[in-house]
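Notes follow once the structure below has been shown.
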Amino acid sequence: MVAKKSDWHEKADKEVRGKDLAWETPEGITIDPVYTAEDAADLDPGLPGFAPYTRGPYASMYTGRPWTIRQYAGFSTAEESNAFYRRNLAAGQKGLSVAFDLATHRGYDSDHPRVVGDVGKAGVAIDTVRDMEILFDQIPLDTMSVSMTMNGAVIPVLAFYIVAAERQGVSQDKLAGTIQNDILKEFMVRNTYIYPPEPSMRIVSDIIAYTSANMPKFNSISISGYHMHEAGATAVQELAFTIADGKEYACRAMEAGLDIDAFAPRLSFFWGIGMNFFMEIAKMRAARHLWHDVMEGLGAQNPKSKMLRTHCQTSGVSLQEQDPYNNVIRTTVEAMAAVLGGTQSLHTNALDEAIALPSDFSARIARNTQLVIQEETGVTKVADPLGGSYYVESLTSALIEEARKLLDEVEAAGGMTQYVASGKPKAQIEMAAAAKQASVDKGETVIVGVNKYRLPEEADIDTLDIDNHAVRQSQIARLGKVREGRDECACKAALDALARGAAQKEGNLLALAVEAARHDATLGEISQAMEDSYGRYDTVPKPVRGVFAAAYEEDSRYDQVVEGVRAVERRLGRAPKLMVAKMGQDGHDRGANVIASAFADMGFEVISGPLFQTPEETRDMALENNVDAIGASSLAAGHKTLIPGLIGLLREAGRPDIKVIAGGVIPQKDYDFLRDAGVQGIYGPGSNVVECAADVLRLLGHNMPP
Ligand code: 2CP
């Protein structure tokens, strides 16, 4: 007699003496300890290359052509980034992926006063077509596929790329690559927007229209779940919100009069791949199935319109500052998940990416992780090798089902633009992030070397540092030269035409910007021409409440901290006040929101500053609210400029008593510098939020037991 699943359970139950072996994932999916044909009886996923493409968009998959090794990189000046790209291409990388600095993302030229701490950090500074030409010097744009992660200043950046190629003698129809151009997720999680949602959606549609007419090999958008994943979304949230974003873009383009089959084959996707190995594989398979159905629902006929192609990146938040060589292992496991999930293109993170920009050394290990998987393991020899696995098929099906429920909710709200405007997806993701942080802090989710098996002493690792001041000076010099050398009248006329096109809803904004770029208009000028009619969009974070308190019910250390807050409150006659500040142009706010939400639950009065503050604005807000401490969150390497700047301003204002602590991506080697500047506590990735609150209480003079 063939044993059944129930027989297995009976036997296993005895082995573990009744212990419950089922696992409830953060997605709310119950994972059985074993899967059998009974679980996957009705789940035939078909074949790779055939609808609904669950098993992959191409029939031959990696047996025909492996995925593109596409490492995201860029820092400092165009010259330095160009040299880095060329070294990497010579060493086996296959496609390029440009990281721009935050000044560029937010549409500011390098000489703008708001971006003093951001130029050349966390990406390359691009102000004009001249910079773009240097960035791709000796890299033939007719053969190299180039991805550009740009959403806010997407119009000038794509225009510069097109004109730089022209100056290389390459026409637009030959350009292969991808522009991220996914603004909806910026409003949800990443915050690198410039304009309000409505005009931002026009920009997306104009780019889709322009590229589908002129750049047939160029992917007009990279609909990204990655940033939701990094902000703490569950796999179901990442799936549903990303597919819903894709549907919204497709609907907008159709409303603008485009034929779905003219643009849909060049819509591409982008997933974040974390440590829940099989969940991530199933997520990618579920996404292809869901997208196929959505596109069919919209009337697509061309099979390519229904075929989801994707880039993946291993998870940045899974990387840890403690015992950082473990990050190589994490990245390898995640890369394997992306590959077994059938990615078309992959970035593997460098081991030091939790604390700094990758060095040549760490970038080599990251790239080689893919080369080794591709060339040594044999996993490329079979298309979708996990197809038919009982567990993977039933997990894929569970994800499809759960994501559909959330997709229906989005539909009921009137589509993703409305749903994003309601703030619901952002709040749902923040709830998931806070719950995850609490589970890590309590040790329920294990992170090796962080909340278990921690080293008694951490070794130093060498990290790359950028001389932000020198980069800014050299950019300012080149901006001056470009402005001097251009035909001012022609440039102004092109910018005026763009401004009119924006104001009167006429013409294609990308086409108008290409003309301005040909006359050497700068990124800031092109952005401003549109900002004149659209304005700049601002939001104030609204962190969720209650998640930490619920997760820490009956936790004695948490209760001790809450009691400490009450003691300080009795002494001050009011709750201790913490301002959570995000200075500079970095919009990553997961960390800041988690801190705000946890501290508020513990009894602090928390004031969340708006994104993108200057140190002056943070000082003003801190003084107005008479705060006791400021937590400065920094993820994009501006900490050495912005945080000391703030401390200096507080001193000048006669308030050196306001304690300043710092958190985020800050290399250990900068700790002394920051402490010398007056920072009183530094919390890198992997810090425990409750202990961080205990430290703040000590800073406020409370005798907090260790
Ligand atoms: C591929 N091809 C094949 C096969 N595989 N042909 C026959 N048999 C096969 N097995 C063909 C394809 O049809 C295509 O030709 C060409 O080979 C290239 O393949 P692809 O699958 O299109 O790969 P790709 O050129 O690498 O493009 C992959 C994506 C693209 C996903 C479609 O959008 C992309 O590269 N995205 C990258 C996005 C990215 O790097 N983002 C960075 C995010 P045709 O083109 O002629 O059909 S940075 C993230 C940071 C964190 C941030 O956002 O902040």
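We count ligands from 1, going down the list as the structure has it; atoms in each ligand are counted the same way. This chain uses plain numbering: 1 for the first residue, then up along the sequence.
- Taking a heavy-atom cut-off of under 4.0 Å, ligand 1 is surrounded by Y58, S60, M61, R65, T68, R70, Y72, S97, S147, T149, T178, Q180, R190, N219, Y226, H227, R266, S268, F270, R309, T310, H311, Q313, Q344, S345.
- Counted by atom type alone, Q344 and T310 present zero donor-acceptor pairs between their side chains at under 3.5 Å.
- With hydrogens and angles disregarded, no donor-acceptor distance shorter than 3.5 Å links the side chain of R285 to the backbone of G341.
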*asked:* Does H229 form a side chain to side chain donor-acceptor pair (under 3.5 Å) with Q313? I'd like the steps, not just the answer.
replied: CA-CA 10 Å; H229 182 273; Q313 176 162 337; over 6 Å; no
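- Between W291 and F269, the gap from one ring centroid to the other is short of 6.0 Å.
- The existence of a salt bridge linking E296 and K306 is confirmed by a sub-4.0 Å separation between a basic side-chain nitrogen and an acidic carboxylate oxygen.
- A side-chain donor-acceptor contact under 3.5 Å links T178 and N219.
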